[in-house]
Amino acid sequence: MSIDRQLAQVRATLPAGVELVAVSKTHPAEAIREAYEAGQRLFGESRPQELCAKYEALPRDIAWHMIGHLQTNKVRMIAPFVALIHSVDSARLAETIEREAARCGRVIDILLELHVADEASKTGWAWDELAAWLAADPFASMPHVRVRGLMGIATHTDDERIVRRDFETLRRRFEELRPRLGEAFDTLSMGMSDDYPVAVACGATMVRVGSLLFGARDYGTEK
Ligand SMILES: *Cc1c(COP(=O)(O)O)cnc(C)c1O
């Protein structure tokens, strides 16, 4: 099915207030342009080089989201234009984003990635470490970083109960942090092609959908 048809179908399943990030990693600029023509403006990428190349090639009113693991030495490449970094998983990365944002005279929106899945391989903060770090009020000294919410990835399994458990954990932690992190803390990014309806049922405000919109990726070349 064409990208615009797929987009319309996914959008039709999302309640008002849930934002759709079209995950375009590994797909060519033409595919993004097709989604753009159908009205899509939020796109997610997971490699800084690819993100920069697409930013250069495509319309300037696209909001580019960095959703993949980000190395501190790559922050500078994307700092001038990135709209939201979903994958902030260390104090060092947050501090680097602060420095690079200050350098370009911007405030950069970020999400804190919380590890909830069973797989140890998945990235993100352990809750105890995140809570301990936040207790020291780190953002007081980061005027160029605005923490908008949490991001998470559920366990990769067909067992919907486990997926639901992971999303409910994310939702609970999100609610727990909200009073401390203020009004801007309003975004809960969870759910991908296989599990986004469960994520939405559990309170996602943003879903990251790739293969359902653009087709399968070539896993041979994917990071
Ligand atoms: C690739 C990716 C997605 C999209 O995955 P699909 O299964 O293609 O929808 C969402 N979130 C993150 C963090 C990703 O790396």
Side-chain angles (χ1 to χ4, degrees), residues 1-3 5-14 18-28 31-32 34-35 38 40 42-51 54 62-71 74-75 78 82-90 93 97 109-125 148-160 162-163 166-167 169-171 174 187-223:
M1 203 187 287
S2 63
I3 290 170
R5 293 276 308 278
Q6 288 296 97
L7 254 179
Q9 278 202 359
V10 171
R11 285 204 193 110
T13 65
L14 297 176
V18 176
E19 292 188 284
L20 173 63
V21 179
V23 176
S24 48
K25 62 187 184 197
T26 78
H27 295 286
I32 298 174
E34 214 176 310
Q40 181 66 26
L42 307 188
F43 290 91
E45 290 282 334
S46 60
R47 291 194 223 176
Q49 287 91 336
E50 191 176 339
L51 183 51
K54 287 172 174 172
I62 288 178
W64 291 103
H65 290 197
M66 177 67 198
I67 63 168
H69 179 70
L70 180 58
Q71 290 172 279
K74 301 283 169 63
V75 174
I78 63 170
V82 70
L84 180 65
I85 301 176
H86 290 232
S87 43
V88 176
D89 58 359
S90 72
L93 179 56
I97 295 168
D109 282 353
I110 67 164
L111 303 178
L112 301 169
E113 182 179 352
L114 182 63
H115 180 105
V116 291
D118 288 340
E119 298 101 329
S121 59
K122 297 257 162 85
T123 49
W125 295 85
R148 297 295 309 271
L150 291 186
M151 184 273 247
I153 302 172
T155 303
H156 187 69
T157 171
D158 290 334
D159 187 342
E160 197 181 306
I162 293 176
V163 172
D166 289 348
F167 288 144
T169 300
L170 281 163
R171 171 64 189 265
F174 176 65
T187 303
L188 182 56
S189 166
M190 57 186 194
M192 319 188 351
S193 291
D194 286 342
D195 57 17
Y196 83 88
V198 183
V200 168
C202 293
T205 70
M206 190 176 271
V207 295
R208 311 176 306 271
V209 178
S211 41
L212 199 55
L213 300 176
F214 296 109
R217 289 180 293 274
D218 178 356
Y219 284 94
T221 59
E222 199 183 352
K223 186 179 74 155

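Hydrogens, waters and symmetry mates are skipped; everything else that's a heavy atom, side chains included, is used. Computed from a predicted model, the values in this text were never measured in an experiment. Atoms within a ligand are numbered from 1 in the order they appear, just like the ligands themselves.
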* Scan side-chain atoms only and decide if S189 and H86 contain a donor-acceptor pair under the 3.5 Å cut-off. => yes
* Run the numbers for me: atoms of ligand 1, each under 4.0 Å from some heavy atom of S193, listed by number. => 6 (P), 7 (O), 8 (O), 9 (O)
* Counting N and O atoms only, with roles assigned by atom type, does the side chain of Q40 sit under 3.5 Å from a partner on the main chain of L20, one being a donor and the other an acceptor? -> yes
* Hey, is L212 one of the residues with a heavy atom under 4.0 angstrom from ligand 1? -> no
* Asked: Would you say G210 has any N or O atom under 3.5 Å from an N or O of ligand 1, going by distance alone?
  -> yes
* Side chain or backbone of K25 under 4.0 Å from ligand 1, or both, or neither, by non-hydrogen atoms? -> side chain
* Asked: CG of L170 to CE of M151: how many Å apart, nearest 0.5 Å?
  -> 9.5 Å
* Structure fact -> So the atoms of ligand 1 within less than 4.0 Å of a heavy atom of R208 turn out to be 4 (C), 9 (O), 10 (C), 11 (N), 12 (C), 13 (C)
* Any non-hydrogen atom of D194 lying under 4.0 Å from ligand 1? -> no
* Measuring from the heavy atoms of R217, does anything fall under 4.0 Å of ligand 1? -> yes
* To do: Please indicate whether E160 has more than 12 foreign heavy atoms, meaning atoms of other residues, nucleotides or ligands, lying under 6.0 Å from its CD.
  => no
* To do: Check each heavy atom of S46 against ligand 1 and say whether those closer than 4.0 Å belong to the side chain, the backbone, both or neither.
  => neither
* **Per-atom contacts of ligand 1 with V209, taking only distances under 4.0 Å to non-hydrogen atoms** => 9 (O)
* **4.5 Å side-chain heavy-atom contact, V75 and M66** => no
* Asked: Is R11 atom CZ crowded by more than 12 heavy atoms from other residues, nucleotides or ligands, each under 6.0 Å away?
  -> yes
* For atom CG of D158, is the number of surrounding heavy atoms from other residues, nucleotides or ligands below 6.0 Å larger than 12? -> no
